[in-house]
2 protein chains.
Amino acid sequence: MSRHFLAEGSPELSGGDYGIVAVVAVVALSALVIGYFLLKEVLAAGQGTEKMQEIAKAVQEGAAAYLNRQRKTLAVFGVLVFLLLFALPAEDWSERIGRSLFFLVGAVFSFSIGYLGMWLSTRANVRVAAAAREPGGREKAMRIAFRTGGVVGMITVGLGLFGAAVVVLVYAGQAPKVLEGFGFGAALIAMFMRVGGGIFTKAADVGADLVGKVEQGIPEDDPRNAATIADNVGDNVGDCAGMAADLFESYAVTLVAALILGSAAFGAAGYGLTFPLIIPAIGVITAVIGIYITRARAGESGLTTINRSFYISAVISAVLSAIAAFIFLPSSFDGAPGNPAVIATVSVIIGIALAGVILWLTGYYTGTEHGPVKNVGKTSETGAATVILSGISVGFESAVFTALVIGGAVFGAYLLGGAVALFAVALAGTGLLTTVGVIVAMDTFGPVSDNAQGIAEMSGDLEEGEGVQILTELDAVGNTTKAITKGIAISTAVLAATALFGSYSEAILGALRGMGDAVTTLPESFADSIIVPNTLVGVIIGAAVVFLFSGLAVNAVSRAAGAVVHEVRRQFRDIPGIMEGTTRPEYGRVVDIVTRDSLRELATPGLLAVFAPIAVGFGLGTGALAGYLGGAIATGTLMAVFLANSGGAWDNAKKLVEDGHHGGKNSDAHAATVIGDTVGDPFKDTAGPAINPLLKVMNLVSLLIAPAVVQFTVGPDASLGIRLAIALVAVGIIVAAIVVSKRRGTAISETSAQQQTTNA
Amino acid sequence: MSRHFLAEGSPELSGGDYGIVAVVAVVALSALVIGYFLLKEVLAAGQGTEKMQEIAKAVQEGAAAYLNRQRKTLAVFGVLVFLLLFALPAEDWSERIGRSLFFLVGAVFSFSIGYLGMWLSTRANVRVAAAAREPGGREKAMRIAFRTGGVVGMITVGLGLFGAAVVVLVYAGQAPKVLEGFGFGAALIAMFMRVGGGIFTKAADVGADLVGKVEQGIPEDDPRNAATIADNVGDNVGDCAGMAADLFESYAVTLVAALILGSAAFGAAGYGLTFPLIIPAIGVITAVIGIYITRARAGESGLTTINRSFYISAVISAVLSAIAAFIFLPSSFDGAPGNPAVIATVSVIIGIALAGVILWLTGYYTGTEHGPVKNVGKTSETGAATVILSGISVGFESAVFTALVIGGAVFGAYLLGGAVALFAVALAGTGLLTTVGVIVAMDTFGPVSDNAQGIAEMSGDLEEGEGVQILTELDAVGNTTKAITKGIAISTAVLAATALFGSYSEAILGALRGMGDAVTTLPESFADSIIVPNTLVGVIIGAAVVFLFSGLAVNAVSRAAGAVVHEVRRQFRDIPGIMEGTTRPEYGRVVDIVTRDSLRELATPGLLAVFAPIAVGFGLGTGALAGYLGGAIATGTLMAVFLANSGGAWDNAKKLVEDGHHGGKNSDAHAATVIGDTVGDPFKDTAGPAINPLLKVMNLVSLLIAPAVVQFTVGPDASLGIRLAIALVAVGIIVAAIVVSKRRGTAISETSAQQQTTNA
């Protein structure tokens with residue numbers, strides 16, 4: 001047991017503590033204000049030609065329509081979970097109400113940030129394209145694209161920090177329980193936005209490519225392709241809205257984990273509830289610096305510029321955090337060895353250094369200028385099979401090193417932490433958080449540049465020359481920044497999940513203590529180590545759920561892409577004049593189809609994430625559930641990095657060939673890398689990034705159900721009947737969801753087969 | 001702790017017990033005799049035309065040359081490990097000497113079975129091809145192919161059972177420690193044979209296809225391709241020798257685990273050392289039945305025939321095992337609740353049923369007549385990218401269900417077992433073993449049929465018509481049986497590893513008890529559950545090693561295939577008349593190159609398997625090592641099934657298209673499935689199956705080093721210096737091996753790039 005890591009008793013906040021938290025809240029609000037000014041700056045830029053605006057408007061409308069429909073779907077789901085959450089055991093009414101209320105707050109924040117990210121990026125894209133046409137266009141275009149990201153970054157950290165600070169101000173010692181609700185709301189909605197948006201963006205992208213590039217031989221973003229608008233909408237609802245919600249969730253959950261463990265680490269003293277808020281507040285300040293110092297320099301790659309901003313703001317964060325630790329933390333624990341200020345300083349620096357190393361590592365494995373991608377490019381000379389194999393090798397290898405680096409950071413913080421080992425791990429997480437503002441900006445930069453290029457291409461209003469070159473460069477830079485930030489997101493997942501693991505143990509112990517004399521010993525399987533087959537079976541199931549979730553996500557993309565192919569083919573066939581460019585295709589119909597399919601497809605993986613821990617916990621007990629979480633974290637980390645980086649490597653290998661290596665565009669080598677890129681699309685933009693919120697959701701569900709699981713598995717209320725009934729219902733829901741989605745798959749491919757027969 | 005599962009004290013064998021073990025040894029020897037008679041029957045068959053014999057001879061020589069060189073490499077490695085093993089702590093000299101001696105016996109048995117498998121299959125292939133030309137050819141050809149497998153099956157179970165019985169007869173109560181050595185020798189050599197043979201077979205196959213099919217447009221097995229002989233040699237050294245050694249290792253290690261836990265479960269009574277031998281002895285009898293009743297029937301698919309034999313022999317095994325349990329086991333434990341006879345019966349039946357379910361499940365996911373492969377075939381109409389994605393989905397999904405079924409079997413045996421839970425899991429493993437004889441026969445059937453078709457094709461001595469059709473059918477059946485047996489192999493790995501996990505715990509506790517008063521409490525991290533970050537980091541590293549091992553294996557194939565491509569291209573260019581068929585290519589040079597490269601490439605994954613647990617154990621302690629094993633087992637199971645089944649699905653999807661679906665041979669759909677098949681080759685025949693011995697090797701290494709790890713981490717001898725020194729040396733060896741293999745990769749691709757520049 002890790003009981004001895006956690007001091008007894010709830011923390012009490014002194015007047016000074018309240019003052020600190022209030023200052024943090026003000027810093028958080030300032031971030032929102034700065035975000036507002038950045039927003040005004042972006043919107044003030046020129047919007048280009050009428051044709052460009054017309055295209056941008058179509059994308060705006062499609063994206064808004066999708067998110068509005070998604071909001072309705074998620075609202076139903078949110079209300080259901082709200083009620084379930086309300087029904088779960090709680091200490092008192094204040095906790096019960098707070099937990100459910102802040103679940104809604106977390107959910108609404110998560111959705112709003114996603115919506116805002118989409119709203120702004122669909123307006124920024126055309127402004128970036130317009131800026132590229134002007135004199136001095138490179139600097140202007142890059143500035144607009146990066147500051148768009150800056151807006152989203154500021155809102156992300158502002159809302160996350162403000163929400164957490166308010167909970168601490170209002171609930172003080174009860175804050176941890178309420179924060180569980182807040183984090184869960186954020187993670188749950190983010191997972192759905194990631195999965196839904198990820199399916200949308202890749203179904204449209206793959207569908208558009210399969211008919212356009214492969215069958216009809218027309219270029220990407222060609223206006224004759226009925227799926228082009230949907231493809232551009234996808235960039236915004238997947239890469240912008242989904243990603244923004246995801247990073248908000250990472251921010252909120254990591255913060256929540258740190259506050260929960262902090263309050264446990266310092267007993268009655270308030271440090272544990274103030275210090276984890278101070279570090280991200282420092283991150284707000286350094287993020288502002290990072291965003292404002294990012295200026296394109298002539299003769300320097302855009303990536304170098306952005307990386308420099310990241311590293312400068314990371315170093316400033318480290319210095320300020322160390323100073324804060326020595327000001328705000330005591331120099332000894334109450335009765336335990338170790339110096340809290342030193343432990344906190346080193347832990348936070350471990351987190352910041354982890355971000356830097358991951359940034360470098362991902363860049364190495366997915367950037368065009370390093371060995372791995374060059375090697376994948378080279379294998380294009382022997383065909384698509386070797387491209388796939390070399391990309392998979394790159395993915396495996398990078399996953400291993402990334403996992404070892406993250407594992408090393410966890411272990412370092414753990415060793416260092418002594419009596420507060422888990423809190424040290426959580427503090428390393430807050431160190432990572434100081435970089436989130438800049439990370440969100442980097443990530444949003446990607447889809448905005450991608451869209452700008454798309455709009456320029458579709459409008460035909462950008463003459464060949466400097467403007468096109470600027471947008472191509474920004475697009476390539478955006479590809480790499482998008483890949484890099486995925487590594488950071490999964491790192492936050494591991495740190496937060498490891499820390500939440502400690503909270504899980506605390507929840508189990510708390511529930512057992514609550515039973516008083518009825519239980520004198522711990523349930524055996526929980527106290528036992530991983531070598532008990534019960535726990536090991538949990539580990540196997542946890543690993544299996546990650547595989548299943550990934551498979552479901554990839555499958556959903558294939559199915560939805562099939563529907564797109566079907567519709568685009570139909571339009572080419574039934575609407576005369578599309579190929580000649582005299583009639584416009586019906587873009588809206590494709591957007592509608594992808595919207596409908598993505599919303600339908602997100603249910604199965606979503607239900608799996610929520611109900612699998614319930615099935616394991618009630619069915620096999622607390623020990624198996626702990627094993628389940630461990631297996632999911634370990635396999636999830638590797639799988640997420642594998643999927644993201646092999647996809648990133650294929651994408652950039654294609655770019656390498658398009659830049660004239662190994663035969664250049666339209667060579668056999670190019671065709672081989674296009675196949676690699678298509679395989680990588682659902683890997684890197686659907687399945688891979690969704691694993692991050694998946695891990696958080698599963699951890700938080702386990703944490704929330706822990707007392708109920710204990711109630712029905714140990715002590716006087718233990719009931720095999722109730723346990724099995726709950727487990728069977730959970731398994732039933734998962735199985736039903738999978739069966740329904742399989743049926744749908746068959747129906748679609750049958751329709752498609754019938755249609756082909758009719759045509760023949 | 002699972003201390004309470006294991007009774008104290010070593011078992012003592014009564015005279016009756018010795019009698020039982022002696023009878024088992026006689027049954028084992030009978031299996032060898034039956035194998036000899038089957039062998040004579042196979043060799044007595046006709047050998048076909050002179051040209052066929054000439055080709056067969058080339059394959060025989062190439063395969064023998066490879067295995068002889070491999071033997072020398074492995075001998076060096078074996079002697080080193082022998083010395084290391086001798087140096088590890090032991091209770092007394094008898095244990096020390098026995099453990100090292102039987103390590104050598106296990107290693108020699110493992111290699112010999114592999115060698116015999118190769119020797120016989122390179123002689124049976126031509127006989128199968130010859131039989132197909134005769135009247136009534138279908139029945140004769142199938143009979144020879146299946147009985148060839150029967151020989152290997154009989155020798156596998158005969159040597160495995162004989163070895164274990166002799167150890168029990170000689171060492172009685174000390175047998176468990178000596179058996180660890182026996183199992184380790186078998187697993188270590190099998191892993192190297194699997195990896196080396198797997199790299200050989202797929203490097204030759206992929207290399208041959210890339211130049212032959214893709215560049216020159218000549219069919220498979222065309223004699224103008226310099227790599228064809230190497231390709232056929234590969235089938236024998238990879239699919240025959242590697243697989244036979246692997247299944248022997250599965251047999252031996254599962255038996256070892258059952259004997260170790262059996263001796264712990266019954267305290268001083270001898271049941272635990274006799275009953276785990278009785279069940280496999282029953283398996284010998286039923287395997288003989290299974291092999292002799294396999295006769296082709298007109299109008300029935302070969303697969304149905306083989307599956308019927310499997311299911312019949314499985315049912316007989318179940319009945320006989322139940323009878324044996326009630327005869328040979330007592331009806332109550334000495335002082336613990338539960339009926340041993342009932343527990344044993346149900347556990348063994350769980351194991352047998354598991355084999356049946358896995359057989360069905362794998363057949364469902366990889367057979368041409370079911371939905372999954374049909375669906376992969378259908379996606380070939382939209383190109384290679386969708387083929388890859390759908391195959392990966394099939395792999396993920398099948399891995400999940402397979403893992404859940406295996407997990408369910410472990411959990412079922414565990415729940416049932418009560419006080420002897422781990423022994424029940426091990427007994428389920430022995431239940432699986434009763435099917436191994438038939439499984440080996442099924443598996444060997446694959447490469448023999450594949451080779452027979454290759455020889456027929458190359459010789460040109462088989463007219464179009466019935467003969468060709470027979471061989472094509474047998475080849476397709478072989479493809480499926482090969483895929484199916486991989487699922488069984490990984491199941492044995494999970495059961496054996498779970499059981500060995502218990503032995504690991506016992507080893508740690510034994511070492512602690514040995515320290516007497518110096519240690520009063522267990523080392524914290526070992527007693528703690530998976531939620532301790534230390535353990536969780538172990539889980540992450542264990543999962544990472546599986547990814548790394550898979551990546552290394554796939555990479556090794558790519559590198560070695562690159563060298564083959566290089567050489568075949570050179571021969572086409574430098575030797576005039578090859579393409580016209582007037583000059584023979586230099587087959588031997590390609591065989592030499594693949595031999596050299598495979599032996600070089602097997603070092604890195606092999607060193608990783610041995611040294612990673614050493615690094616984790618000494619570096620992070622016993623708790624992290626337990627986590628490491630758990631992570632490796634969970635991820636390894638999923639990864640092995642994923643790799644095997646996606647590869648199997650791609651292979652058979654290609655067969656579907658070649659049979660005339662979706663456009664048939666030489667259509668775009670066919671090209672797409674060829675790409676899928678090429679990607680699947682190293683998945684299903686190199687990386688995937690090697691994970692099975694990998695898991696065993698890592699478990700046994702952990703078991704063997706456990707006392708030393710305890711010695712240096714707890715108690716009076718604890719030394720941080722020694723621990724870290726050992727861990728760093730282990731890490732250093734792994735890193736050095738990886739760096740060397742990376743360098744080599746660069747060197748080869750640079751040579752190849754240079755050569756291309758020179759050509760241009």
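Letters A, B, ... are given to chains in the order of the sequence lines, protein chains preceding strands, and every chain is numbered from 1.
Residues B/Ile540 and A/Val494 are in side-chain contact: their nearest non-hydrogen atoms beyond the backbone lie under 4.5 Å apart. The shortest distance between side-chain heavy atoms of B/Leu536 and A/Leu629 does not fall below 4.5 Å. For the pair B/Thr386/A/Ser558, no side-chain contact is recorded, criterion being any heavy-atom separation below 4.5 Å from C-beta on. Counting heavy atoms from C-beta outward, A/Tyr414 and B/Val537 have side chains that stay 4.5 Å or more apart. Side chains of B/Phe396 and A/Leu548 form no contact here, defined as non-hydrogen atoms less than 4.5 Å apart.
Comparing B/Asn555, B/Val546, B/Thr678 by heavy-atom pairs within less than 4.5 Å of chain A, the highest count is held by B/Asn555. Most heavy-atom pairs under 4.5 Å with chain B: of the set A/Ile738, A/Val679, A/Leu638, this distinction falls to A/Leu638.
Here the closest heavy-atom approach between residue B/Val539 and residue A/Ala634 is recorded as CG1-CB, 3.5 Å. Closest approach of B/Val554 and A/Ser393 over heavy atoms only: CG1-OG, 3.7 Å.
Residues passing the salt bridge (charged side-chain N to carboxylate O under 4.0 Å, His left out) test with A/Asp209, sequence neighbours excluded: A/Lys213. With sequence neighbours left out, B/Ala612 forms a side chain to side chain contact (heavy atoms under 4.5 Å, CB included) with B/Val545, B/Leu608, B/Tyr628, B/Ile734.
In this structure, no portion of B/Phe401 lies under 4.5 Å from any heavy atom of chain A. Only the side chain of B/Ile392 comes within contact range of chain A, judged by heavy atoms closer than 4.5 Å. Heavy-atom distances place no part of B/Leu552 under 4.5 Å from chain A, backbone and side chain included. For a residue to count as touching a neighbouring chain, one of its non-hydrogen atoms must lie under 4.5 Å from one of that chain's; by this rule B/Leu210 touches chain A with the side chain only.
Separating the OG1 atom in A/Thr402 from the CZ atom in B/Phe547 is a distance of 11.5 Å, to the nearest 0.5 Å.
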